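Structure first, then comments.
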2 protein chains.
Amino acid sequence: MAPRKHELVEAAIGYLVEHGLADLSLRPLAAAAGTSARLLIYHFGSKERLLAEVLDTLQSRLRASFDAVSAAGQEGEAPLQTFWKWAISRRSFPSLRLLYELQILAAQKPESYGRYLERNSRDWLELVRTALPPAERTDAMATLLVAVFDGLFLELVSTGDRRRTTEALDEFVRIVRRARGGGTPA
Amino acid sequence: MAPRKHELVEAAIGYLVEHGLADLSLRPLAAAAGTSARLLIYHFGSKERLLAEVLDTLQSRLRASFDAVSAAGQEGEAPLQTFWKWAISRRSFPSLRLLYELQILAAQKPESYGRYLERNSRDWLELVRTALPPAERTDAMATLLVAVFDGLFLELVSTGDRRRTTEALDEFVRIVRRARGGGTPA
DNA sequence: CGTTACATGTAACGTCCGTTACATGGCGCC
DNA sequence: GGCGCCATGTAACGGACGTTACATGTAACG
């Protein structure tokens with residue numbers, strides 16, 4: 001990829017993360033990136049392809065970061081808590097927030113954003129499922145874990161209350177451990 | 001309120017529920033309602049005030065429906081399950097989906113939609129908190145319950161899988177009951 | 001030096017947007 | 001019948017949008 005184009009992708013990621021994507025338009029994005037709408041079209045072909053490239057980049061970057069953190073969990077800490085700490089870190093949080101917005105918009109307008117949903121939802125579920133201890137490796141349990149994470153993350157996005165949402169997650173982990181009488185929940 | 005205006009609010013609710021609000025524009029809405037953009041502005045003053053009126057109507061209607069169902073829970077069923085059945089019913093689901101979209105958009109663009117967040121999030125939390133048995137009446141527990149509900153609902157919105165999300169909720173209720181050794185979770 | 005390819009600037013196109021100006025209905029009231 | 005008020009239709013405004021046409025710069029290469 002041309003180096004200039006790469007810079008533009010970086011700038012676009014920064015702009016999207018800050019402004020959301022529901023009302024994205026080229027001219028303000030271009031101004032923020034120090035270029036012009038003309039050049040964005042020149043480099044990417046169309047707004048749609050620009051979005052595709054930017055979001056794909058962001059998604060794979062987050063996936064890589066996620067894989068890295070999933071390898072190195074703290075002792076005595078449930079994987080769910082490891083992921084939570086990663087998700088709410090200053091580096092990951094804004095990007096994840098953007099991807100949750102994408103998820104919602106895709107659900108309401110699949111003809112515009114549907115292509116970003118195909119992999120994502122099922123992949124995450126399967127990933128969580130295989131991380132579960134075999135005795136609990138059910139669709140219901142995996143779905144529940146994903147939902148707890150998603151729900152708390154969105155609560156955090158809405159209210160900004162890191163402490164309360166983190167305590168709620170800890171409470172969940174405690175409840176699961178109590179229910180099975182010890183062990184490490186995912 | 002003028003009867004014609006009331007009809008327009010109804011039509012707008014139907015349109016919004018179907019098309020989402022991220023890219024709402026007056027002319028298609030007017031066409032679907034059998035009128036013209038001119039008349040929408042005439043009756044409501046501006047697009048913004050139309051949205052305010054429509055969303056307020058929708059919110060208070062859902063709140064009333066919620067209160068009604070919260071009074072009449074099934075025996076042996078956790079309140080959370082009662083609300084879930086209500087939420088995924090054909091009548092409530094599309095409206096709730098719209099309000100979740102509103103929530104996300106408000107988080108990304110508070111200057112446009114922020115006014116809809118002030119009451120909502122804190123109110124729900126407090127409502128759930130007071131419904132909890134005193135021993136568990138903590139912010140963490142209330143936050144967790146709200147998050148489980150929200151997370152599962154959004155998973156349902158994204159995937160449409162009623163069975164799996166409902167089973168996940170049942171699994172959660174089972175886990176909570178096991179953790180406390182019987183009783184009725186909220 | 002001339003050519004070629006990529007990069008960029010300026011300006012416009014056509015379309016949609018929310019909103020407004022202006023004219024015209026219908027309908028009760030004096 | 002005239003008058004006023006609410007409702008409505010037609011058409012336009014100014015502005016933003018994604019995109020394009022066209023000209024110009026710049027730098028590498030023969």
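Convention: sequence-line order gives letters A, B, ...; per-chain numbering from 1. A quick note: this is a predicted structure, and the numbers were derived from the prediction, not measured. Heavy atoms only: backbone and side chains are in, while hydrogens, waters and symmetry mates are out.
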When the distance from CZ of B:Arg4 to P of D:dC5 is rounded to whole Å, what number comes out? 23 Å

What stem regions, each of at least 3 consecutive Watson-Crick or G-U pairs below 3.5 Å, can be found for DNA chain D? C:1-30 with D:1-30

Just how far, in rounded Å, is C1' of D:dT8 from CD1 of B:Ile41? 15 Å

Note: B:Glu7-B:Arg4 ion pair, threshold 4.0 Å (strictly below): yes

Measure from CZ on B:Arg49 to P on C:dG18 and round the result to the nearest Å. 15 Å

CZ of B:Phe44 versus P of C:dT20: gap in Å, rounded? 16 Å

Do you see a donor-acceptor pair shorter than 3.5 Å between the side chains of A:Tyr100 and A:Asp150? yes

Near-strand residues of residues 22-39 of chain A, defined as heavy-atom separation under 4.0 angstrom from DNA chain C: A:Arg27, A:Arg38, A:Leu39

Taking A:Ser158 for its side chain and A:Leu154 for its backbone only, find out whether a donor-acceptor pair lies under 3.5 Å. yes

Report the distance from atom CG of B:Leu40 to atom P of C:dG18, rounded to the nearest whole Å. 10 Å

Less than 4.0 angstrom between a side-chain N/O of A:His43 and OP1 or OP2 of C:dT8, yes or no? yes

Measure the spacing between CE of A:Met141 and CD of B:Glu171 and express it to the nearest 0.5 Å. 6.0 Å

Is there a donor-acceptor pair under 3.5 Å between the side chain of A:Lys47 and the backbone N or O of A:Leu24? yes

Could you check how far OH of A:Tyr42 sits from C1' of C:dT10, rounded to whole Å? 17 Å

Is the closest basic N to carboxylate O distance between B:Asp139 and A:Arg163 below 4.0 Å? no

SB check A:Glu53 A:Arg49 (cutoff 4.0 Å): no

Distance-only, no hydrogens or angles: does the A:Arg162 side chain make a donor-acceptor pair with backbone N or O of A:Ile88 under 3.5 Å? yes

Judged by atom type as modelled, is there a donor-acceptor pair below 3.5 Å linking the side chain of A:Glu18 to the main-chain atoms of A:Tyr15? no

C:dT8, D:dT19, C:dT19: which one has an atom nearest the side-chain heavy atoms of A:Lys47? D:dT19

